[in-house]
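Beneath this line is the structure, given in structure tokens, with notes to follow.
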Amino acid sequence: MSEPTTEPDGTSGSGLAAERARRQGEVDDLRASGGQPYPYRFDRTHTLGEVRDRWGQLEPGTETDDAATIAGRVVLKRDSGKLIFATLRDRTGELQLFISKAVVGDDAFDTIKRLDLGDWVGASGTVMTTRKGELSLKVSELMLLAKSIRPLPDKWHGLTDQDTRFRQRYADLIVNDEARRAIEIRHAVVASFRRTLDDAGFTEVETPVLHAEAGGAHARPFVTHHNTLDVDLYLRIALELHLKRLIVGGMERVYEMGRIFRNEGISTRHNPEFTMMELYQAFADWTDIMDITERLITEANVAAIGSTELTLRGETVDLSEPWPRSSMIDLASAAAGRQIHPSDPVDDLRSLAAEFDVRVEPAWGGGRLVAEIFEATSEAGLVRPTFVTGHPTEISPLARVDRNDPWLTERFELYIDGREIANGYSELNDPVEQRARFVEEQAAKEAGDAERGTVDEDYLRALEYGMPPTGGLGIGIDRLAATIAGVDTLKEVILFPTLRPEVW
RNA sequence: GCCUCUCUAGCUCAAUGGUAGAGCAGUGGACUUUUAAUCCAUUGGUUCAGGGUUCGAGCCCCUGGGGAGGCACCA
């Protein structure tokens, strides 16, 4: 992080300061001779990809009269005297410029010779291939579109330092194809979700980010302050409670894809701000929601990588095959070697938890203990997409109780590659029961569990107007995108991941 | 928050406790079909910061800082 903060003194030496000074000098020279180093606009006739699509089949050594005007960044330059080859890149690909002194003239050739790696240029000419068959634009005219006064990272190795990659994402994106690919996959997932949901009759909505109380999940919130109202507000930790208010309002099918914020640690699987897609569908229950979860993710995978197949830890899974559904208590029981249930004596479950090195709190009941045992024993092994169902009521304050077992809820979580990707349930819509659950949450919070919830009176008021039977779903977009992209950290699919502020 | 690892030229990386180096980029030169072009020459360093040990520290020790991985946290 030892960037010079003062202006370089001149052209002595050849460190970064000198390099920037030299390139700035090129800008100054160009201006002095009436040129424009940063012109306002440029009209191209083809992207580089379009040139390749249209003329990519030319035989080696072909000259055409086909004209094209293109634009891109100079990423490689090969100067062989009276010929210059420059590789241009735009977002669609790369194309070589073939620049001959005899074609452009001595003055223009000398100017082109002074281009630096990183400069943006526009070029007009005719399409050709070299003797070796490289598709090229034989340049007749070239203009600088924007000068780069800072040198690009190594043309072959790119950037490898994680810190620099994520702090200077712009440089990372310039030189690392893989960085661009992961972001494109993320976009494909997001766009696919919107298509799937729009086709299924869902309305996309936006609800507040600033909340008077942070509900809908168990997490510690960020606190902020509104000056003129003079109230503390929380950044939302979930979308859930506002979206269900819209179901009360009769919107029937709504979804939101938005940023949520949780004040917790940073890891390969966690970023303090991340993107959640939540949907709510009236008249549906959790089984419908599992179906739409499969559809959303399978279609996103196809959109992102062109196949229903996904490779996880070296093994290929076909997402078009039905996804296994296993109940949490069955999984925990299998791991425990005996049948367990949240209704079991708490002491028994507590000692069982201890066998698996689960840290337990005195306030935890049987439901929380069963869930903790499941997480400790089974979660990491759920590689292929698996619905884990029937979460204990104790840890599911917004989910509807299982119609056959009051200790459990009609809830599921989807695990892929050992990671929790989605969460859904039949929504609790009885305002009396919801109030009782909220009261329990608040009691736990007041007893010291900072992540528990509060009684949201306005939400209860909404429920009192009547919420139809509803199924709801939340999918972590970042985790899903990282899984589909096959990258090992969320940071790869988050353009600007949270980092400690840089010291200048 | 804890543990481990890591930080050397703009970038990618070397360097038994003994004169800080290479490739790329840059600069000067040669070259009209290159492909990470090639060839010749060459500039560039507060080795993250500050202390300490030592005749001598990029290297060993301490403190601090950035980052990564793991743990904790994250229903």
Side-chain angles (χ1 to χ4, degrees), chain A residues 1-4 11-23 60-61 63 75-87 94 96-103 109 116-118 128-136 138 149-168 171 174-175 216-220 237-238 262-272 274 328 357 359 364 367-368 371-372 374-375 379 391-399 409 411 413 419-420 423 441 444 449-453 476 488-489 491 499-503:
Chain A
M1 289 306 102
S2 55
E3 294 275 342
T11 54
S12 65
S14 66
L16 177 59
E19 175 68 2
R20 289 172 65 202
R22 184 188 63 75
R23 291 183 180 217
E63 299 254 357
V75 293
L76 288 173
K77 209 173 86 173
R78 296 174 290 279
D79 177 351
S80 65
K82 299 186 180 65
L83 261 190
I84 296 172
F85 301 91
T87 303
E94 295 185 348
Q96 176 169 276
L97 298 182
F98 179 99
I99 302 150
S100 164
K101 190 168 190 170
V103 174
F109 194 78
D116 285 300
L117 298 184
M128 59 167 281
T129 54
T130 63
R131 288 174 197 163
K132 296 273 176 60
E134 181 75 30
L135 185 64
S136 308
K138 186 172 188 177
I149 62 167
R150 190 177 279 266
L152 253 33
D154 190 282
K155 67 184 180 185
W156 185 244
H157 301 96
L159 273 177
T160 61
D161 183 66
Q162 296 289 75
D163 183 30
T164 310
R165 283 193 55 219
F166 296 126
R167 282 190 199 282
Q168 298 188 38
I174 291 169
V175 297
H218 286 157
R220 286 153 65 187
I237 59 173
R262 296 186 181 178
N263 206 336
E264 58 199 32
I266 298 173
S267 77
T268 54
R269 296 169 296 280
H270 300 270
N271 196 63
F274 61 103
M328 179 184 285
D357 293 325
R359 185 189 56 80
W364 291 358
R368 178 72 186 262
E372 293 284 337
F374 155 75
E375 284 183 22
E379 185 176 285
H391 295 56
T393 309
E394 181 184 349
I395 60 163
S396 311
L398 298 163
T409 57
R411 176 179 174 189
E413 284 180 319
R419 289 189 275 213
E420 179 193 336
N423 179 26
E441 285 292 299
D449 189 346
E451 286 148 19
R452 302 295 284 273
D488 54 15
T489 169
K491 289 185 171 73
L499 298 171
R500 195 177 293 275
E502 191 168 0
V503 179

(request) Grab the CZ-C1' distance between A:R78 and B:A36 for me, whole Å please. (result) 9 Å
(request) Using a 4.5 Å cut-off on heavy atoms from C-beta on, say whether the side chain of A:R78 contacts that of A:Q96. (result) yes
(request) Taking atom P in both B:G64 and B:C71, compute the distance separating them and give it to the nearest angstrom. (result) 25 Å
(request) Kindly indicate whether the side chain of A:R150, heavy atoms from C-beta on, has any atom under 4.5 Å from the side chain of A:L16. (result) yes
(request) Provide, to the nearest angstrom, the distance between the CG atom belonging to A:L83 and the P atom belonging to B:C31. (result) 12 Å
(message) What I'd like to find out is whether the side chain of A:P60 reaches to under 4.5 Å of the side chain of A:R131, using heavy atoms alone.
(response) no
(request) Would you indicate what A:T160 reaches in the nucleic acid, counting non-hydrogen atoms under 4.0 angstrom: base, sugar-phosphate, or nothing? (result) sugar-phosphate
(request) Check whether any side-chain heavy atom of A:P151 lies under 4.5 Å from a side-chain heavy atom of A:R23, and answer yes or no. (result) yes
(message) I want to verify a distance call: between B:G67, B:A37, B:A72, whose nearest atom is closest to the A:L499 side chain?
(response) B:G67
(request) With heavy atoms under 4.0 Å as the rule, sort A:R368 into base, sugar-phosphate or nothing. (result) sugar-phosphate
(message) Please name the nucleotide paired to B:U16 by Watson-Crick or G-U wobble geometry with both distances under 3.5 Å, or report none.
(response) none
(message) Between the base of B:U34 and the side chain of A:Q96, is one N or O donor paired with an acceptor at under 3.5 angstrom?
(response) yes
(request) May I have the distance from A:L97 (atom CG) to B:U34 (atom P), rounded to whole angstrom? (result) 17 Å
(request) Indicate yes or no for a side-chain donor-acceptor contact from A:R262 to the backbone of A:I237 under 3.5 Å, with no hydrogens or angles considered. (result) yes
(request) Counting Watson-Crick and G-U wobble pairs only, both distances under 3.5 Å, name the nucleotide matched with B:A57, or none. (result) none
(request) Return no unless some side-chain N or O of A:R500 is found under 4.0 Å from OP1 or OP2 of B:G67. (result) yes
(message) By the 4.0 Å heavy-atom rule, please label A:A371 as base, sugar-phosphate, or nothing.
(response) nothing
(message) When you measure only distances, ignoring hydrogens and angles, does the side chain of A:T130 come within 3.5 Å of the base of B:U35 through a donor and an acceptor?
(response) yes
(request) Please work out if A:A171 contacts a base, only the sugar-phosphate, or nothing of the nucleic acid, heavy-atom cut-off 4.0 Å. (result) nothing
(message) Can you measure A:I84 atom CD1 to B:A30 atom P for me and round it to whole angstrom units?
(response) 13 Å
(request) Select one nucleotide: of B:U27, B:C31, B:U12, the one nearest the side-chain heavy atoms of A:S80. (result) B:C31
(message) Students often get this wrong, so: under 4.0 angstrom with heavy atoms, is A:T268 touching a base, only sugar-phosphate, or nothing?
(response) sugar-phosphate
(message) Any base atoms under 4.0 Å from A:L76, or only sugar-phosphate, or nothing? Heavy atoms, all strands.
(response) sugar-phosphate
(message) What's the gap between B:G44 and B:A9 when it is taken at their C1' atoms, as a whole Å value?
(response) 6 Å
(request) Pick the P atom in B:C13 and in B:U6, then give their distance to the nearest Å. (result) 15 Å
(message) Applying a 4.0 Å non-hydrogen cut-off, can you work out what A:G158 is touching in the nucleic acid: base, sugar-phosphate, or nothing?
(response) sugar-phosphate
(request) Would you mind telling me which of B:U35, B:U32, B:G66 lies closest to the side-chain atoms of A:R167? (result) B:G66
(request) With A:K155 as reference, evaluate A:T87, A:L76, A:V75 under the side chain to side chain contact (heavy atoms under 4.5 Å, CB included) test and give the passing residue. (result) A:L76
(message) Checking base pairs now: Watson-Crick or wobble, both atom distances under 3.5 Å. What partners B:C73?
(response) none
(message) Pick the closest RNA chain B nucleotide for A:R23 and for A:H391 by heavy atoms, then say which residue is nearer the 5' end.
(response) A:R23
(message) Using the side-chain heavy atoms of A:R220, tell me which of these nucleotides is nearest: B:G10, B:C73, B:U34.
(response) B:C73
(message) Suppose you measure atom P in B:C73 against the same atom in B:U12; what distance do you get, rounded to whole Å?
(response) 35 Å
(message) Which nucleotide wins on minimum distance to the side chain of A:L159, given the candidates B:U32, B:U35, B:C11?
(response) B:C11
(request) Could you work out the separation of B:U19 and B:A25 based on their P atoms and round it to a whole Å? (result) 30 Å
(message) My understanding is that a pair needs two contacts under 3.5 Å, Watson-Crick or G-U wobble. By that rule, which nucleotide pairs with B:U46?
(response) none
(request) Dump the intermediate steps for side-chain contact (heavy atoms from CB on, under 4.5 Å) on A:E372 and A:W364, then the final yes or no. (result) CA-CA 10 Å; A:E372 293 284 337; A:W364 291 358; 3.6 Å; yes
(request) Can you tell me the pairing partner of B:U4 across any strand shown, Watson-Crick or G-U wobble, with both distances under 3.5 angstrom? (result) B:A68
(message) Is A:R359 close enough to B:C73 that one of its side-chain N or O atoms is under 4.0 Å from OP1 or OP2 there?
(response) yes
(message) Check the phosphate of B:A68 against A:K491, side-chain N and O only, distance under 4.0 Å to OP1 or OP2. Yes or no?
(response) yes
(request) Using the C1' atom as the reference point in each nucleotide, state the distance between B:G10 and B:U27 in Å, no decimals. (result) 15 Å
(request) Verify, without hydrogens or angle tests, whether A:E413 (side chain) and A:E420 (backbone) share a donor-acceptor contact under 3.5 angstrom. (result) no
(message) Of the options B:U34, B:U33, B:U12, whose atoms approach the side-chain atoms of A:R131 most closely?
(response) B:U33
(request) Taking only the side-chain heavy atoms of A:E264 (C-beta and beyond), determine which of B:G66, B:C73, B:U32 contains the nearest atom. (result) B:C73
(request) Go through B:A72, B:A25, B:G67 for me and flag the one nearest to the A:K155 side chain. (result) B:A25
(request) Pick base, sugar-phosphate or nothing for A:R419, based on heavy-atom distances below 4.0 Å to the nucleic acid. (result) nothing
(message) Applying a 4.0 Å non-hydrogen cut-off, can you work out what A:F166 is touching in the nucleic acid: base, sugar-phosphate, or nothing?
(response) nothing
(message) Measuring only between side-chain heavy atoms, which start at C-beta, is A:I395 closer than 4.5 Å to A:R411?
(response) yes
(message) Using the P atom as the point on both nucleotides, what is the distance between B:C5 and B:A41, in whole Å?
(response) 43 Å
(message) Need one value for A:E134: base, sugar-phosphate or nothing, where a base atom within 4.0 Å counts as base even if backbone is also close, heavy atoms only.
(response) base
(message) Between A:K132 and B:U34, is there a contact of a side-chain N or O with OP1 or OP2 at under 4.0 Å?
(response) yes
(message) At 4.0 Å (heavy atoms only), tell me whether A:K138 reaches a base, stays on the sugar-phosphate, or touches nothing.
(response) nothing
(request) Considering only atom C1', compute the distance from B:G58 to B:A14 and round it to an integer number of Å. (result) 12 Å
(message) Both A:S267 and A:E413 contact RNA chain B. Which one's nearest nucleotide lies toward the 5' end?
(response) A:S267
(message) B:U27, OP1 or OP2 - any side-chain N/O from A:R22 closer than 4.0 Å?
(response) yes
(request) Find the partner of B:C39: check Watson-Crick (N1-N3 plus N6-O4 or O6-N4) and G-U wobble (N1-O2, O6-N3) distances, both under 3.5 Å, and reply none if neither fits. (result) B:G29
(request) Specify the separation, in whole Å, of atom CD of A:E63 and atom P of B:U32. (result) 17 Å
(request) Measure distances between side-chain N and O atoms of A:D154 and base N and O atoms of B:G10, and say whether any donor-acceptor pair falls under 3.5 Å. (result) no
(message) From C-beta outward on A:S136, which listed nucleotide comes closest to its side chain: B:C73, B:U32, B:U34?
(response) B:U34
(request) Return the value, rounded to whole Å, for the distance between atom CG of A:D79 and atom P of B:A30. (result) 10 Å
(request) Can you tell me the distance, in whole Å, between the CD1 atom of A:I174 and the P atom of B:G10? (result) 18 Å
(message) Between P on B:A68 and CG on A:N271, what's the gap in Å once rounded to a whole number?
(response) 11 Å
(request) Counting heavy atoms from C-beta on, name the nucleotide in B:U32, B:G26, B:G67 closest to the side chain of A:E19. (result) B:G26
